[in-house]
Number of protein chains: 2
Amino acid sequence: MQLKKVTKLRQGKEKPWYDDACGLAHALDLVGERWALLVLRELMFGPRRFSEMKADLPGISANVLAQRLAELEARGLVRKTRLPPPASVQVYEATQWGLEAAPVIGSLGKWAARSPQHDPTLPISHVSVMMSLQTMVDPALAQGINARLGFRFGEASYAAILHGGRLDVERGEVGSCDVLFTAKPAELAAVIYGGAPLETIDVKGDMELAKRFTTLFPLPPKAE
Amino acid sequence: MQLKKVTKLRQGKEKPWYDDACGLAHALDLVGERWALLVLRELMFGPRRFSEMKADLPGISANVLAQRLAELEARGLVRKTRLPPPASVQVYEATQWGLEAAPVIGSLGKWAARSPQHDPTLPISHVSVMMSLQTMVDPALAQGINARLGFRFGEASYAAILHGGRLDVERGEVGSCDVLFTAKPAELAAVIYGGAPLETIDVKGDMELAKRFTTLFPLPPKAE
DNA sequence: CCGTATCCAATAAGATACTG
DNA sequence: CAGTATCTTATTGGATACGG
């Protein structure tokens with residue numbers, strides 16, 4: 001074979017899949033491919049390395065992950081950078097515009113949670129749990145509570161601030177907080193959404209607050 | 001061939017494509033296939049017939065449209081019904097839950113409108129234009145205006161009420177209104193979003209109001 | 001560790017023709 | 001009109017092996 005098969009990448013003047021000027025069609029051209037939105041989600045709390053993402057997206061192949069990242073980069077949703085020394089490691093991060101997809105992703109997830117066929121026993125990544133907490137917190141129930149929460153999932157950890165009915169999440173060191181949860185993502189989800197007893201996970205700090213925290217995330221009623 | 005090839009349809013115990021309990025992954029299992037969300041969009045203002053939809057989704061094949069409708073139906077997002085006599089014609093309509101995807105679709109579209117690569121010259125369906133108007137109206141700019149707008153796109157027509165900064169859209173007879181727009185969807189879009197002169201389309205009624213109406217839909221700033 | 005190259009199998013989609 | 005049947009082609013994705 002002497003013809004170098006040009007990598008597909010649909011870059012530059014990509015022709016849209018959908019001949020439709022509407023924003024939705026364009027959105028699908030941007031992130032409508034298999035895995036694309038899940039890849040973007042993994043970047044929502046900050047830069048990640050290739051293999052971290054691969055590990056957290058069960059079933060994705062290196063091939064596909066690489067291609068999706070390249071496409072998202074070509075479209076201006078993701079940037080490839082190098083962490084500042086001494087880390088000096090190569091990572092992917094979402095651009096500003098990419099980050100703005102967060103509420104959209106959140107509302108998609110919230111909408112889908114009404115599905116009768118939703119199976120909550122599947123594995124789940126730590127980014128997913130944290131995004132879901134941020135999305136699903138009920139402002140009315142959370143009103144008036146001020147607290148700092150910490151979350152540890154093996155390697156990854158998050159700090160969250162509950163304030164004014166909202167939950168602001170950041171990845172990074174837990175720091176000082178009122179409650180610290182340590183668990184696997186799926187275990188935490190089981191406690192928050194599945195009604196599993198709080199004792200099934202490791203909780204440190206204000207147990208009263210922890211208990212109350214778990215009640216702030218009501219599931220929407222199932223459709224059908 | 002004696003083995004009836006069972007149609008694919010992934011029904012009943014469909015195994016999810018993504019092994020991920022997060023809502024987003026499930027959303028993608030529900031409507032992540034090519035064309036699915038566009039098909040659902042076409043149902044957002046009421047029941048449609050198969051060939052109408054095929055005509056308004058440029059490039060879709062009967063094959064794919066039929067399959068997507070069947071899948072959406074199996075998942076509880078779409079219902080196949082018959083219009084009451086004397087029409088007695090077979091149509092598809094979104095279920096309640098399906099309709100609730102409207103804001104999600106809207107925000108996806110709004111987010112994508114920031115894309116530098118968005119090409120607004122492509123064809124556009126009447127449902128798309130009306131959804132985009134509903135989504136993109138700026139509540140601050142529209143505050144204080146009360147008006148009834150009519151829209152005619154060949155066969156289809158819509159009535160919209162601008163009130164309290166919101167635009168409520170319904171498909172159906174135009175009825176009495178303050179302004180009546182008659183145009184092709186893309187022409188209307190060109191006037192509202194592309195700054196084309198109002199004279200390029202047919203407008204009847206309060207021209208002052210019509211002029212003002214066209215200024216209520218600012219495009220978000222482009223990313224990058 | 002971070003990907004790329006290659007190959008192969010599965011599938012999805014377009015075209016077209018056809019039926020109740 | 002509302003699809004289904006059939007065929008062919010184009011994509012896609014998974015697996016594996018390999019290079020910087």
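Here is how names work: the chains are called A, B, and so on, in the same order as the sequence lines, proteins then strands, and each is numbered from 1. Any value given below was found using the heavy atoms of this structure, including those in side chains, with hydrogens, waters and symmetry copies removed.
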Practice task
Flag the pair A:Phe153 / A:Phe181 as yes when at least one side-chain heavy-atom distance between them is below 4.5 Å, and no otherwise.
Solution key: no
Fill in the blank from the handout: Side-chain contact check for B:Arg49: nearest option of C:dG3, D:dT4, D:dC1 is D:dC1
Handout entry: Length of the line joining A:Lys54:NZ and C:dG3:P, which is rounded to integer Å
Key = 13 Å
Exercise for the section: May I ask you to say what A:Lys80 touches in the nucleic acid, namely base, sugar-phosphate or nothing, with a heavy-atom cut-off under 4.0 Å? Expected result: sugar-phosphate
Problem - Separation of atom OH in A:Tyr92 from atom C1' in C:dG3, rounded to whole Å - result: 7 Å
Handout entry: Distance in angstrom units between A:Glu71 CD and C:dG3 P, rounded
Key = 15 Å
Exercise for the section: Please identify each residue that fulfils salt bridge (Lys or Arg N to Asp or Glu O under 4.0 Å) with B:Arg34, with sequence neighbours left out. Expected result: none
Practice task
Can you tell me the distance, in whole Å, between the CG atom of B:Leu65 and the P atom of D:dA5?
Solution key: 16 Å
Problem - Nearest-Å distance for atom pair CD/P, residues B:Glu52 and D:dA2 - result: 8 Å
Practice task
Return the set of residues passing side-chain contact (heavy atoms from CB on, under 4.5 Å) with A:Asp178 (not counting sequence neighbours), or none when no residue passes.
Solution key: A:Ala147, A:Arg148, A:Leu209
Exercise for the section: Write out all pairs satisfying side-chain hydrogen bond (donor to acceptor under 3.5 Å, both in side chains) with one or both partners inside residues 180-193 of chain A, taking only residues at least two apart or from two chains. Expected result: A:Ser132-A:Tyr193
Completion exercise
side chain to side chain donor-acceptor pair (under 3.5 Å) filter on A:Arg68, not counting sequence neighbours, yields A:Glu71
Exercise for the section: Let me know the distance between CG of A:Leu57 and C1' of D:dG14, rounded to the nearest Å. Expected result: 15 Å
Problem - salt bridge (Lys or Arg N to Asp or Glu O under 4.0 Å) contacts touching residues 83-94 of chain A (sequence neighbours left out) - result: A:Arg79-A:Glu93
Handout entry: Base-contact (B) and sugar-phosphate-only (S) positions in nucleotides 13-20 of chain C, heavy-atom cut-off under 4.0 Å, - elsewhere
Key = SBB-----
